[in-house]
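Each chain gets a letter, A, B and so on, in the order the sequences are listed, and its residues count up from 1.
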2 protein chains.
Amino acid sequence: MLTIGNLAKKTGTKVQTIRYYEQIGLMPEPGRTAGGQRRYGEDELDRLAFVRHARQLGFTLEAIRELLDLSDEPDRSCENAAAIARRQLRQVEQRIARLEALRTELKRMVRECAGGQTADCRVLEVLRDHSECLTDHDEIGA
Amino acid sequence: MLTIGNLAKKTGTKVQTIRYYEQIGLMPEPGRTAGGQRRYGEDELDRLAFVRHARQLGFTLEAIRELLDLSDEPDRSCENAAAIARRQLRQVEQRIARLEALRTELKRMVRECAGGQTADCRVLEVLRDHSECLTDHDEIGA
DNA sequence: GCTTGAACCTCTAGCAGCTGGAGGAGGTAT
DNA sequence: ATACCTCCTCCAGCTGCTAGAGGTTCAAGC
């Protein structure tokens, strides 16, 4: 039986985060000692490891919830799980594409900045005048 | 003189967002009509355009605040502005590198999934067993 | 058995960067 | 005058945690 602190150490999670996952129903309510402290077994360890690994791959908690549900029903088709992974892959690819456009633009700004006074600074100039910007980055935060 | 709605349209910003920028001191308090409605001029339009463009390039609001301050002092050296841009570039490059690692891993998962039952699903299997994962993605959310 | 001291408990608030809604007042066209 | 749209303020919520206050429990050492 693991304390929450030991579970945290084993999975590289913060204690608070584990309690948070419990609060939002991603982790089950564990057993407790007479004094009210949480105690965890192997199942919970596996589940948390699953969650953390999925988080590392960028899945949202909602997606992870779906994946966990699917994982709990071993007889169902795996098509749903694959679809979630493909969706995640598409999102990652979109974000990469967007960041690469930003990188290009930032590189150009930095390269062209001659280092004089702010009045002539290319960095500020490009920011001021959108038309000098070659990239068409429409969305924010994607 | 522009209403907040027209300013929003011209800059591709939501009305609420403009008020939010004002609240956090990123946009100045504009003039008001007798009835208390905000009215904006060219300066504010330029400033908001600057902010939005910088946001599109991924700068944080704090970085934008610095850039705006620098932009207001045209005599100072532009080195600070260039440093902020370089810092942003580095961050973008780090995020790209991380996302590319995720992309590789996700592609592999999706490719290997034969589409049977969830019990044999490669997607779920990889998530369950970290050791099957080739990528070393330590940090979350970077 | 008793005392530390670390680790646990609950609860609340905060981070970025907005976004949405409630409930009401202002502005404009007919 | 009336309709209708936009504007106002204030507050709550989103994601995914993280930090802190203030108090309890547990395990080890004596």
Side-chain angles (χ1 to χ4, degrees), chain A residues 1-27 29-40 44 48 50-68 88 91 95 98 137-142, chain B residues 1-27 29-40 44 48 50-68 88 91 95 98 137-142:
Chain A
M1 283 297 182
L2 291 164
T3 65
I4 196 170
N6 288 336
L7 179 64
K9 237 171 255 168
K10 284 206 178 209
T11 55
T13 314
K14 302 221 169 173
V15 167
Q16 302 282 40
T17 305
I18 299 174
R19 288 200 277 249
Y20 169 70
Y21 287 163
E22 179 184 330
Q23 195 187 305
I24 62 168
L26 206 61
M27 288 293 288
E29 292 188 20
R32 302 260 184 162
T33 63
Q37 298 196 355
R38 292 169 178 82
R39 288 299 122 96
Y40 295 93
E44 282 113 325
L48 183 55
F50 184 106
V51 170
R52 294 310 283 177
H53 193 193
R55 283 295 296 135
Q56 286 169 336
L57 286 167
F59 289 94
T60 64
L61 294 182
E62 255 322 290
I64 294 171
R65 210 187 286 275
E66 291 180 63
L67 288 167
L68 282 167
Q88 174 64 14
Q91 280 169 12
R95 286 167 66 195
R98 181 172 148 66
H137 34 58
D138 311 282
E139 288 171 76
I140 286 183
Chain B
M1 284 299 183
L2 291 164
T3 64
I4 196 170
N6 287 337
L7 180 63
K9 238 173 251 166
K10 284 206 178 208
T11 54
T13 315
K14 302 222 169 170
V15 166
Q16 302 282 40
T17 304
I18 298 174
R19 288 201 277 249
Y20 170 70
Y21 287 162
E22 180 185 329
Q23 196 186 306
I24 62 168
L26 207 60
M27 287 294 288
E29 292 188 20
R32 302 260 184 163
T33 63
Q37 297 196 355
R38 292 170 180 82
R39 288 298 122 96
Y40 296 93
E44 282 113 325
L48 183 54
F50 184 106
V51 171
R52 294 311 282 177
H53 193 191
R55 283 294 295 135
Q56 285 169 337
L57 285 167
F59 289 94
T60 63
L61 294 182
E62 255 322 291
I64 293 170
R65 211 185 285 273
E66 292 180 64
L67 289 167
L68 282 167
Q88 174 63 15
Q91 279 169 13
R95 286 166 67 195
R98 179 171 149 66
H137 33 58
D138 311 284
E139 287 172 77
I140 284 183

Full working for side chain to side chain contact (heavy atoms under 4.5 Å, CB included) between Leu61(A) and Arg55(A)
CA-CA 7 Å; Leu61(A) 294 182; Arg55(A) 283 295 296 135; 3.5 Å; yes
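- Residue Phe59(A) is out of contact with every strand shown, counting any heavy-atom pair closer than 4.0 Å.
- Across the protein-nucleic acid pair, Ile4(A) atom CD1 and dA7(C) atom P stand 14 Å apart, rounded to whole Å.
- When heavy atoms are screened at a 4.0 angstrom cut-off, Arg65(A) is found touching no nucleic acid atom at all.
- The distance from the CZ atom of Arg19(B) to the CE atom of Met27(B) is 13.0 Å, given to the nearest 0.5 Å.
- Remark: the backbone N or O of Thr3(B) is not paired with any side-chain donor or acceptor of Gln37(B) at under 3.5 angstrom.
- The CD1 atom of Ile64(A) lies 8.0 Å from the CZ atom of Phe50(A); values are rounded to the nearest 0.5 Å.
- Glu22(A) and Pro30(A) get closest at one heavy-atom pair: OE1-CD, 3.5 Å.
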Heavy-atom protein contacts under 4.0 Å, nucleotides 24-30 of chain C, coded B base, S sugar-phosphate only, - none:
--SS---
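- Once rounded to the nearest 0.5 Å, the distance linking OG1 of Thr11(B) with NE2 of His53(B) reads 13.5 Å.
- The CD atom of Glu22(B) sits 17 Å away from the C1' atom of dT19(C) (whole-angstrom rounding).
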How far apart are the C-alpha atoms of Gln88(A) and Leu57(A), what are their side-chain angles, what is the distance that settles it, and do they pass the side chain to side chain contact (heavy atoms under 4.5 Å, CB included) test?
CA-CA 9 Å; Gln88(A) 174 64 14; Leu57(A) 286 167; 5.8 Å; no
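- The distance between atom CE of Met27(B) and atom P of dG17(C), rounded to the nearest whole Å, is 17 Å.
- Both Tyr21(A) and Thr3(B) lie near DNA chain D, and the one whose nearest nucleotide falls closer to the 5' end is Thr3(B).
- In this structure Tyr40(B) satisfies the side-chain hydrogen bond (donor to acceptor under 3.5 Å, both in side chains) test with no other residue, sequence neighbours excluded.
- For the pair Gln23(B) CD and dT19(C) C1', the interatomic distance rounds to 13 Å; values are reported in whole Å.
- Glu62(B) meets the side-chain hydrogen bond (donor to acceptor under 3.5 Å, both in side chains) test with Arg65(B); sequence neighbours excluded.
- Base engagement by Arg19(B) is indicated by at least one non-hydrogen atom pair under 4.0 Å involving a base atom.
- For DNA chain D, the outermost nucleotides in 5' to 3' order that have an atom under 4.0 Å from a heavy atom of chain B are dC7(D) to dT9(D).
- Considering CD of Glu44(A) and CD1 of Ile18(A), their distance stands at 10.5 Å, rounded to 0.5 Å.
- For Thr17(A), there are no side-chain hydrogen bond (donor to acceptor under 3.5 Å, both in side chains) partners two or more places apart in sequence or in a different chain.
- For DNA chain D, the residues of residues 5-16 of chain A within the heavy-atom distance limit of 4.0 Å (strictly under) are Lys14(A), Gln16(A), sorted by number.
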